[in-house]
2 protein chains.
Amino acid sequence: MIPAPFDLVAPSAYRHRHLESGETVFRQDEKARGLFYVLDGQIELRRYTQNGQNVVIHRASNGQTFAEASLFAQNYHCDAIAIAPSRLVELDRAVILKKFVEDADFSLALAKRFAGQIRGYRRKLEILAIRSAEDRIFAAIEEGQLNGSIKAFAADIALTHEAVYRGLATLVEKGLLEKTGRGKYVVRPEK
Amino acid sequence: MIPAPFDLVAPSAYRHRHLESGETVFRQDEKARGLFYVLDGQIELRRYTQNGQNVVIHRASNGQTFAEASLFAQNYHCDAIAIAPSRLVELDRAVILKKFVEDADFSLALAKRFAGQIRGYRRKLEILAIRSAEDRIFAAIEEGQLNGSIKAFAADIALTHEAVYRGLATLVEKGLLEKTGRGKYVVRPEK
DNA sequence: TCCTCAATATGATTACAATCATATTGGTTC
DNA sequence: GAACCAATATGATTGTAATCATATTGAGGA
């Protein structure tokens, strides 16, 4: 049930947590206690700039882990907030680190996971660098970033939700997307 | 001379490379051979989108490494191009991987490095999500992203160089930045 | 069933960065 | 030192996303 490689650590390192929508998992600059596995629900990782703007760094849902990087840092570097009722497993930092030095398979798998995350962030950067709202929306949908609500998606790709609604409408008009329901869009298959 | 933890691997894994400005270190989708350490020069990591737009993912210069993540991937996921005459050390992928499973200190240090990179990308995402050109420029300078040319900096933060020149001018006008020379700007200390 | 509320959606206007143009400066080469 | 070239810099105009406003839809609760 816990995804590889974290299934390799003893269950004594697990701690279950239930959160209501809006509750905080951890805050930026708090001492890092461990990483998390989402049984169900939705967690948003956010960072705040001085001006009060905030960026959604990542959104984790069923079956995903987050805050892996905090294993190797003293503190958390973003806020983690439940945006839906959520059940999490917290994996103890010290236990994971011990496992890391003892078990090469584990450390290899974890490093691979990190490499994957790095790639993911690169793709996000790539999308944010696209200037045209329409192109950005299309690229992000192609990457599979539109799974939740349009508003959340808009925040993800750093556009206002109005701009996204408009962009979606024109993309459908151009025949690049298909509207499959209220707030539901899919890439139209090439013919 | 090679930074930790790569100083721990045998020098037989090193391969020196000299590149002229414009030459290619590797291309996207090529088989990953290893990671690189920059003795001197400048390397740009770029990704190309379908529309032909390209994003500068990272810019590596003296004393930095790049393509670490390719250790755990089959192929390179971006282009690496020298934008100045550069001397590199290529570190063999297989040797590093072997070291990784054998030496826990090494694997710990590498994982820490990865975690640092993840943090770096997060910060970059944060900056790209700032809508106002002026705020974005200021935030990026505060993060120390303005080290090379203004044009390179502009590409980094996904603005046109014109917008950056104008933003810099108004920031100086407002007293937030100080112009220390042609193309040189520093954050003005708070009083 | 009605009420409430948030997400979805579109209209009108404004703000601002992109674009196109044109100097100016500084470094390199012959 | 002249010639060349790219980076720096600013001006004028345009395009486009943000903003502010206002419906509309749908889900959940009383």
Side-chain angles (χ1 to χ4, degrees), chain A residues 20-22 42 44 51-56 59 83-85 127-141 146-174 177-186, chain B residues 20-22 42 44 51-56 59 81-85 127-141 146-174 177-186:
Chain A
E20 293 309 311
S21 187
Q42 277 252 326
E44 258 184 20
N51 325 355
Q53 292 192 72
N54 72 93
V55 202
V56 176
R59 188 170 300 115
I83 57 167
I127 283 174
L128 282 202
I130 297 172
R131 293 203 226 281
S132 149
E134 222 173 276
D135 293 351
R136 185 136 110 223
I137 291 163
F138 189 70
I141 290 182
L146 174 53
N147 19 45
S149 75
I150 305 286
K151 288 189 82 167
F153 174 65
D156 259 356
I157 63 174
L159 289 171
T160 58
H161 58 271
E162 294 99 320
V164 172
Y165 288 126
R166 277 183 245 275
L168 287 168
T170 45
L171 284 166
V172 168
E173 214 170 273
K174 288 184 180 173
L177 291 183
E178 203 160 346
K179 185 168 181 170
T180 59
R182 185 180 155 87
K184 306 273 176 198
Y185 298 82
V186 293
Chain B
E20 293 308 311
S21 188
Q42 276 253 326
E44 256 185 21
N51 324 356
Q53 293 193 71
N54 73 92
V55 202
V56 176
R59 188 170 299 117
I81 317 274
I83 56 167
I127 283 174
L128 280 202
I130 298 172
R131 292 202 228 282
S132 150
E134 219 174 288
D135 293 352
R136 185 135 109 223
I137 292 163
F138 189 70
I141 291 181
L146 174 52
N147 19 46
S149 75
I150 304 287
K151 288 189 83 167
F153 175 65
D156 260 357
I157 63 173
L159 289 171
T160 57
H161 58 270
E162 294 99 320
V164 172
Y165 288 127
R166 275 184 247 276
L168 287 168
T170 44
L171 284 166
V172 168
E173 213 169 274
K174 288 182 180 175
L177 291 183
E178 204 161 344
K179 185 168 182 171
T180 58
R182 184 179 155 88
K184 307 273 175 198
Y185 298 83
V186 294

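Just so it is clear: chains get the letters A, B, ... in the order the sequence lines come, proteins before strands, and each one is counted from 1.
- For B/R166, the side-chain atoms get nearest to D/dA12 when compared with the rest of D/dA12, D/dA7, C/dA17.
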#### Entry: From CA spacing to verdict: side-chain contact (heavy atoms from CB on, under 4.5 Å), B/L171, B/Y185
CA-CA 10 Å; B/L171 284 166; B/Y185 298 83; over 6 Å; no
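- With rounding to whole Å, A/Y165 atom OH is found 16 Å from D/dT19 atom P.
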### Query
salt bridge (charged side-chain N to carboxylate O under 4.0 Å, His left out) between B/K174 and B/E134: does it pass, once the steps are laid out?
CA-CA 11 Å; B/K174 288 182 180 175; B/E134 219 174 288; 2.5 Å; yes
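- Phosphate contact (OP1/OP2 of C/dA9, side-chain N/O of A/Y185, threshold under 4.0 Å): present.
- Separating the CZ atom in A/R59 from the CD atom in A/Q42 is a distance of 6.0 Å, to the nearest 0.5 Å.
- B/K184 places its NZ atom 14 Å from the P atom of D/dA7, with the value rounded to the nearest Å.
- Across the protein-nucleic acid pair, B/I150 atom CD1 and D/dA6 atom P stand 18 Å apart, rounded to whole Å.
- Within the 4.0 angstrom heavy-atom criterion, no nucleotide atom of any strand lies near A/L168.
- Taken from CZ in A/R166 to OG1 in A/T160, the straight-line distance is 7.5 Å, to the nearest 0.5 Å.
- Once rounded to the nearest 0.5 Å, the distance linking CG of A/L128 with CZ of A/R136 reads 6.0 Å.
- Look at CD1 on A/I157: it is 10 Å from P on D/dA18, rounded to the nearest Å.
- For D/dT8, the OP1/OP2 oxygens have no side-chain nitrogen or oxygen of B/K179 closer than 4.0 Å.
- To the nearest angstrom, P of D/dT10 lies 16 Å from NZ of B/K151.
- Side-chain atoms of B/S149 lie closest to D/dT8 of the nucleotides D/dT8, C/dT8, D/dA18.
- Residue order along DNA chain D, read from the 5' end via each residue's closest nucleotide, puts A/A133 first among A/A133 and A/E162.
- Residue B/Q42 contributes atom CD, which lies 13 Å from atom P of D/dA7 at whole-angstrom precision.
- The interatomic distance linking A/F153 (CZ) with C/dA7 (P) rounds to 16 Å, in whole Å.
- A close approach under 4.0 Å does occur between a side-chain nitrogen or oxygen of B/T160 and OP1 or OP2 of C/dA18.
- Between D/dA18 and B/R131, a contact under 4.0 Å exists linking OP1 or OP2 to a side-chain N or O.
- Comparing C/dA18, C/dA9, D/dA9 by their closest approach to the side chain of A/R182 singles out C/dA9.
- Computed from coordinates, the B/H161 NE2 to D/dA9 C1' distance equals 9 Å when rounded to whole Å.
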